[in-house]
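Structure record follows, encoded as structure tokens.
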Amino acid sequence: MRECDTIAAIATAMTGAGIGIVRVSGDRAFEIVEKIFRSKKTGKKLTEQDTYTMHYGNIVDGDEAIDEVIVLLMRGPHSYTAEDTAEIDCHGGVYVMKRILELVIRSGARPAEPGEFTKRAFLNGRIDLSQAEAVMDVIQAKNEYALRSSVSQLKGSVQRLVKGIREQVIYEIAFIESALDDPEHVSLDGYPEKLREKVDNLIQMAEDLLIHADQGRILKEGIRTVIIGKPNAGKSSLLNVLTGDERAIVTEIAGTTRDILEEQVRVRGLVLNIVDTAGIRKTEDRVEQIGVNRAKEAVRDADLVLYVVDGSTKLDENDREIMELLQDRNVIVLLNKTDLVMKTTTEMVERMFSKPTVGISAREESGFDRLADLLEEMFLSGSISYEEESYLTSIRHRTAMKEAKESLKKVLESIDCGLPEDFYSIDLMDAYESLGKIVGESVGEDLVNEIFRKFCVGK
């Protein structure tokens with residue numbers, strides 16, 4: 001089978017660097033590398049060496065020395081792939097890495113497919129599918145909190161939770177089947193009520209995971225942040241300050257921004273995926289109205305809204321319309337232009353709109369420490385917490401958990417309707433299968449291939 005081949009790939013970035021790694025995995029890994037490796041110690045054979053040992057020498061093509069290297073040996077099952085694995089640590093030049101990879105392939109390996117090393121770790125049972133996906137999350141982590149969650153998942157935090165729920169579900173399935181097969185020795189008297197209590201607990205566990213799943217998305221992908229306000233309130237100036245670049249056009253002419261601008265910034269470790277929108281006001285300009293409509297649409301999908309108010313002018317009907325639009329949203333009000341004579345104060349805004357308000361000056365870049373404080377309070381120690389051990393950060397995981405919850409609810413419906421116990425077993429098995437999708441015990445080959453296709457080749 002193709003999974004039994006010995007595979008090879010460059011495991012480091014294809015760019016000039018101090019160190020490069022060519023990874024080889026499979027039953028013939030040591031044998032293949034031995035063909036092109038000449039140890040500094042005469043007569044040393046890689047195939048006879050112990051696991052977790054390093055060997056200094058040269059990679060050669062016939063009599064030609066290609067590079068001075070160190071070869072690291074890891075015998076299966078105690079390696080990343082759970083197979084014999086050799087890693088050639090060479091100099092990180094693009095040409096030299098390609099040359100060594102070509103020699104490895106010529107000696108009997110084949111080029112690895114995207115994610116194939118991690119796929120083998122999954123197929124060989126060293127990690128489950130949730131842990132395999134966490135590998136890519138670790139690589140793509142954008143901040144400390146995303147990394148912490150990904151490492152936790154890589155260690156098996158999601159696996160333990162999901163498998164714990166599955167074990168409870170399969171126990172009930174086995175009990176029902178035993179009772180139906182042997183009613184003389186296994187009684188179902190009073191069982192529906194006992195099952196109801198257990199299923200209620202399982203549904204609550206699923207709901208808790210789904211509640212935290214949105215926090216997991218924020219942790220992994222960043223905070224979807226929309227800047228909104230009236231024209232000329234300073235939205236584009238705010239974006240430029242946060243990005244540290246003249247990203248948006250800033251003029252004294254109201255309505256300059258007609259479309260959506262998107263940028264990603266970091267504030268004290270938090271990632272903000274910022275969308276700057278057109279100013280919201282009543283307008284007869286058809287193009288500007290399209291921008292206003294897009295701004296309102298962006299608000300609906302936002303995790304956070306930064307509402308910029310021009311403190312040098314009085315609040316008007318447009319402000320009231322914006323406040324009404326944002327009433328049930330997660331909002332920080334930024335009272336801008338504190339460097340000018342203020343006609344609107346933070347107290348006035350907070351009386352009209354019970355949201356946290358901070359005075360800033362985008363022109364003088366003042367007040368932004370307080371904004372950072374509010375972001376930390378809101379997303380690190382407030383309603384959204386990063387202290388949970390496990391998050392369902394994948395859409396696939398969240399979908400499977402929702403399916404499991406719905407199947408468990410059907411069990412309760414069957415109990416309420418007084419249906420026979422074998423009906424419980426059907427829905428419990430559906431829940432069991434849905435949970436299995438998360439850890440990879442109930443997924444098809446096509447889905448597995450699709451997941452690993454998103455990985456880089458050397459991983």
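Below, all heavy atoms of this structure are taken into account, side chains as well, without hydrogens, waters or symmetry copies.
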Exercise. Only counting residues at least two apart or in another chain, list the ones meeting side-chain contact (heavy atoms from CB on, under 4.5 Å) with Glu177.
Key: Ile173, Ser425
Exercise. Answer whether the closest heavy-atom distance between the side chains of Leu210 and Lys402 falls below 4.5 Å.
Key: yes
Quiz item: After noting the C-alpha distance and the side-chain angles of Ser130 and Gln159, does the key distance pass the side chain to side chain donor-acceptor pair (under 3.5 Å) rule?
Solution: CA-CA 7 Å; Ser130 68; Gln159 176 200 50; over 6 Å; no
Quiz item: Charged N to carboxylate O under 4.0 angstrom, Arg396 versus Glu133?
Solution: yes
Quiz prompt | Donor-acceptor pair between Ser236 and Asp276 side chains, under 3.5 angstrom | solution = yes
Quiz item: Just wondering, do Val411 and Ile415 contact through their side chains at under 4.5 Å, heavy atoms?
Solution: yes
Exercise. Kindly write out the residues that satisfy side chain to side chain donor-acceptor pair (under 3.5 Å) with Tyr424, not counting sequence neighbours, or none if the list is empty.
Key: none
Exercise. Verify whether one side chain among Glu83 and Ser25 offers a donor that lies under 3.5 Å from an acceptor in the other.
Key: yes
Self-check item: Contacts of Ser366 that satisfy side chain to side chain donor-acceptor pair (under 3.5 Å) - sequence neighbours left out
Solution: none
Quiz prompt | Counterpart residues, salt bridge (charged side-chain N to carboxylate O under 4.0 Å, His left out), relative to Glu64 (two or more places apart) | solution = Arg99
Quiz item: Can you list every pair that meets side chain to side chain donor-acceptor pair (under 3.5 Å) and has a residue in residues 68-78, with sequence neighbours left out?
Solution: Tyr56-Glu68
Quiz item: Is any side-chain heavy atom of Phe30 closer than 4.5 Å to a side-chain heavy atom of Thr6?
Solution: no
Quiz item: What pairs with Asp208 under side chain to side chain donor-acceptor pair (under 3.5 Å), at least two apart in sequence or on another chain?
Solution: Gln204
Practice problem: Could you go through the side chain to side chain contact (heavy atoms under 4.5 Å, CB included) check for Asp27 and Asp5 one step at a time? | Solution: CA-CA 8 Å; Asp27 291 343; Asp5 298 343; over 6 Å; no
Quiz prompt | salt bridge (charged side-chain N to carboxylate O under 4.0 Å, His left out) partners of Lys198, counting only residues at least two apart | solution = Glu172
Quiz prompt | Test salt bridge (charged side-chain N to carboxylate O under 4.0 Å, His left out) applied to Lys410 - qualifying residues, sequence neighbours left out | solution = none
Quiz prompt | Listed partners of Tyr432 passing ring-ring contact (aromatic ring centres under 6.0 Å, His included), at least two apart | solution = none
Quiz item: So, Glu116 and Arg110, do they make that salt bridge, N to O below 4.0 Å?
Solution: yes
Quiz item: Cation-pi between Arg329 and Tyr307: NZ/CZ under 6.0 Å from ring centre and within 45° of the ring axis?
Solution: no
Practice problem: For a side chain to side chain donor-acceptor pair (under 3.5 Å) with His55, tell me which candidate from Lys41, Lys44, Glu34 qualifies. | Solution: Lys44
Quiz prompt | Any residue meeting side chain to side chain donor-acceptor pair (under 3.5 Å) with Ser414, in chain and number order, not counting sequence neighbours | solution = none
Quiz item: With sequence neighbours left out, what residues match Glu403 under salt bridge (charged side-chain N to carboxylate O under 4.0 Å, His left out)?
Solution: Lys437
Quiz item: Who are the ring-ring contact (aromatic ring centres under 6.0 Å, His included) partners of Phe423, not counting sequence neighbours?
Solution: none
